[in-house]
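Worksheet for the structure shown next.
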Amino acid sequence: MKSEAATLIEQNAPPRPRDFIRDPYILEFLDGQPQASWYEKDVEQGLLDQLQKFLLELGKGFAFVARQRHLRIEDEDTFVDLVFYNYILKCFVLIELKVGKLSHQDVGQLDMYVRVFDQQIRQEGDNPTIGLILCSERNEAVARYSLLAGSEQIFASRYQPWLPTVAELQAELTRDRALIENAQVVQHQPDGGTA
């Protein structure tokens, strides 16, 4: 009875934004190797030049809305790199592009954009705006100790300009397995401490 109820609730629940955000995004279609000389505007231009492929990489329900969308915040002008609308989630998705390591400033900036967009742009019937930082290098400390931890509106994902090699995939699986096993060991300690 309980499992039947849980299944019905899950089937009728609205889609969760986290289910629509991938990590990483593979941007092979940009046909370039990442270089120190890359700028966010170069990545942005490449994505727009290949918009159809980028929409497919983003996933289900995404429609392009704007590039460098102007937002007025009191007496300052700011610009969101890319704006999409997801017609399944019924919400705007703001994407900020970052070449290099994710910083807490990036997270704070996107959080402000999401709040302003909700107040100035979002219409009745739209769900809360989602913000996504696409960065070339993730910062686990920022992900763990910022708004990103447990958020249903602000996300950060890595982008990779190519698929990883078999050796890189194996190393990543080994690393993930070790993290999971360590977490399970800590969880099963009687005092909750580490072994």
Side-chain angles (χ1 to χ4, degrees), residues 14-32 34 38-139 142-143 146-161:
R16 296 177 335 129
R18 188 167 297 282
D19 296 337
F20 285 74
I21 304 297
R22 296 179 181 182
D23 189 21
Y25 287 91
I26 308 299
L27 305 182
E28 279 185 309
F29 52 83
L30 291 181
D31 294 330
W38 268 26
Y39 294 100
E40 281 132 26
K41 67 182 178 78
D42 299 325
V43 177
E44 180 182 312
Q45 185 62 52
L47 293 176
L48 289 176
D49 289 346
Q50 302 288 331
L51 187 57
Q52 182 179 8
K53 291 176 183 171
F54 184 50
L55 285 170
L56 291 172
E57 181 63 22
L58 279 175
K60 293 180 182 176
F62 287 90
F64 180 69
V65 174
R67 171 190 198 180
Q68 292 298 313
R69 175 64 162 83
H70 176 256
L71 292 178
R72 183 85 175 154
I73 303 171
E74 292 187 8
D75 60 344
E76 291 186 32
D77 294 309
T78 60
F79 299 88
V80 180
D81 290 342
L82 300 170
V83 179
F84 293 84
Y85 191 85
N86 188 292
Y87 60 83
I88 297 171
L89 293 172
K90 295 180 178 41
C91 69
F92 287 99
V93 179
L94 311 182
I95 296 181
E96 280 295 296
L97 302 167
K98 299 296 171 191
V99 172
K101 198 169 192 176
L102 176 69
S103 73
H104 66 278
Q105 291 94 337
D106 300 330
V107 175
Q109 177 187 32
L110 183 60
D111 179 54
M112 181 179 69
Y113 289 172
V114 165
R115 291 170 190 265
V116 170
F117 214 87
D118 274 346
Q119 187 176 51
Q120 295 181 4
I121 312 295
R122 187 174 96 174
Q123 301 292 307
E124 188 177 323
D126 288 337
N127 287 318
T129 302
I130 295 172
L132 172 61
I133 301 169
L134 279 182
C135 52
S136 58
E137 190 179 341
R138 205 167 149 90
N139 182 332
V142 170
S146 71
L147 282 171
L148 295 173
S151 175
E152 286 297 319
Q153 272 187 272
I154 307 289
F155 302 93
S157 294
R158 278 183 313 130
Y159 64 83
Q160 294 178 211

Which pair of heavy atoms, one from [X] and one from [Y], lies closest together, and at what distance?
X      : Y      : value
Cys135 : Leu102 : SG-CB, 4.0 Å
Thr129 : Val114 : O-CG1, 3.5 Å
Ile130 : Cys91  : CD1-SG, 3.6 Å
Arg122 : Pro128 : NH1-CA, 2.8 Å
Asp126 : Tyr85  : OD1-OH, 2.7 Å

| request: Mind running side chain to side chain contact (heavy atoms under 4.5 Å, CB included) on Asn86 and Phe84 for me, showing each step along the way? | output: CA-CA 7 Å; Asn86 188 292; Phe84 293 84; over 6 Å; no
Counting neighbours of CD on Gln120 that are heavy atoms of other residues, nucleotides or ligands and sit closer than 6.0 Å, is the number greater than 12? yes
Atom CZ of residue position Phe79 - does it have more than 12 heavy atoms of other residues, nucleotides or ligands inside 6.0 Å?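 Counting other residues, nucleotides and ligands, CZ of Phe79 exceeds 12 neighbours.
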Residues at least two apart in sequence or cross-chain that pass side chain to side chain contact (heavy atoms under 4.5 Å, CB included) with Ile121, listed by chain then number, are Arg69, Leu71, Phe92, Phe117
Side chain to side chain contact (heavy atoms under 4.5 Å, CB included) partners for Glu96, two or more places apart: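 Listed in chain order: Val80, Asp81, Lys98, Gln109, Leu110, Tyr113.
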Between Asp118 and Arg115, is there a donor-acceptor pair closer than 3.5 Å when you use the side chain of the first and the backbone of the second?
-> no
Between the CG atom in Asp106 and the CG atom in Leu97, the distance rounded to the nearest 0.5 Å is 11.0 Å
| What distance separates Leu94 CG from Ile154 CD1, expressed to the nearest 0.5 Å? |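 Interatomic distance, Leu94 CG to Ile154 CD1, rounded to 0.5 Å: 8.0 Å.
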*Any residue meeting salt bridge (Lys or Arg N to Asp or Glu O under 4.0 Å) with Asp77, in chain and number order, not counting sequence neighbours*: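 Only Arg72 meet the salt bridge (Lys or Arg N to Asp or Glu O under 4.0 Å) criterion with Asp77.
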